[in-house]
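One structure is given here, and the rest of the page talks about it.
Both ligands and their constituent atoms are indexed starting at 1 by order of listing. In what follows, residues are counted from 1 in the order of the sequence shown.
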Amino acid sequence: MAEPRKADLLITGGTLLCMDEGRRVLAGHSIAILKGRIVDIFADGNVPYAPLESLDASGCIVMPGLINAHTHLPMTYFRGLADDLPLETWLNEYIWPLEGKLLNSQFIRDSALHGAAEMIQNGITQIHDMYFDMPAIAEACLEAGLRAIIGGAVIETQAAIHASDRPWLEYLLETRQRYSGNALVDFDLAPHSIYVCRRETLEKCAQAASEHGFLLHMHLSETRGEVAECLHQHGRKPVFYLRELGMLDLPAVYAHGIWVDDDEIELLASAPASIAICTECNLKLASGILPLADYLKNGVSVCFATDGVASNNNLDLLAELDLTAKLHKAVNNDPTFLPAEQALRMATIGAAKALGIAARRGSLSIGKDADICVLDTASLAGQPLYNPYSQVVYALGSRAVRDVVIAGELVYRDGRHTRIEEQKLLRDAQRYRELIARELRA
Ligand SMILES: [Zn+2]
């Protein structure tokens, strides 16, 4: 008999939603993981592996980890502090002044760690973040074991005086160098939006992204007001302005993309760009409903995001899929619009393509990184089960997430974090709540 092969982790017995080209759904299959990668996927039975660790996923759905395409991890401590307000009031009177007073590396790291733990709990294995102090966010993600592409926000308003004084490109290059060779964190370039960056700065961002191979990450056309301002200031619709700046030639993820015209959608369709949909946040701030059917019809790449906790107020990506699918079925008067499988593809392999990491992540495929989410279906809400895709999107939700593997490591097992102590996060959140509440009263 042949020697059993080596594996660090073996996940056995689950129903695999591979989210690969072949759209494979494999019942009763196992995944062998070695050195952070998937090395084998095979039918249960004669197990040819002697793993260091095993995870029994019988009765579970096993799928690639979710990818959250637009987040602000360090804003987690701002959850629920100023709700039911217009976006401008919320930003100008609460968020930006508080950030000006409170932000330092320790705050950013602690708040980001809370957010990172919450992401993992919700089956998210990779985020695409935008904020200040990239190293503090990186340290939090490394501590929790979460993958992240972190964009140092470039922002130029009086209210946002906390932006680093140092030249942003130098800072970004230095940070990327400092963490190079790291499996979990990477960095990109995040000019916040058209309305808080000058033309010269956006041109420089485009040039730097092209020269140094950075993905671009930006807010786009979230409100009618910002579109009107762009027309007034620059004489162009936002997407046409981006083209003029040279940004449309470059890989980019644009968050929101609500108020776009047909000719802008056509431009985006021919660009290496993706739209990160933030439905809950857009509904809560009454920003609007994006033209999802038009995006999809024109072949624009679209993925899902929670945006920051401060505006959402949760980091539940599966809830975004559920809500978005239902909302746009109603908007389009078409129950066949955005089926559960398509929504889940957009949150896994689709988002991986948007972030330029599809060769390594986004599906359960041999050779790819072992970023995996296991959902328990042995619950009242999980049974009976006819279609695993619709079960995940419409029935199970994030509360069914039982285990999460990132880079081959079980960072969340049986509903518990393995790297971080949840009780400490709760104590820290309480401590910061008091600090923030004091500032709000001041
Ligand atoms: Zn945002």
- Message: I'd like to know if the side chain of Gln106 pairs up with that of Asp110 as donor and acceptor (distance under 3.5 Å, no hydrogens or angles considered).
- Response: yes

- Flag for Asp307-His72: side-chain donor and acceptor within less than 3.5 Å: yes

- Would you check if the side chain of His417 reaches a backbone N or O of Ala117 as a donor-acceptor pair within less than 3.5 Å? yes

- Does the pair Glu156/Arg198 count as a salt bridge with the N-to-O cut at 4.0 Å? yes

- Could you please tell me which protein N, O or S atoms lie under 2.8 Å from the Zn ion (ligand 1)? His70 NE2, His72 NE2, His219 NE2, Asp307 OD1

- Message: Strictly by side chain to side chain donor-acceptor pair (under 3.5 Å), give each pair with a member in residues 268-283 just once, sequence neighbours left out.
- Response: His256-Asn282, Ser274-Ser301, Thr279-Thr324, Glu280-Asn314

- How many angstroms lie between atom CD1 of Ile149 and atom SG of Cys141, to the nearest 0.5 angstrom? 11.5 Å

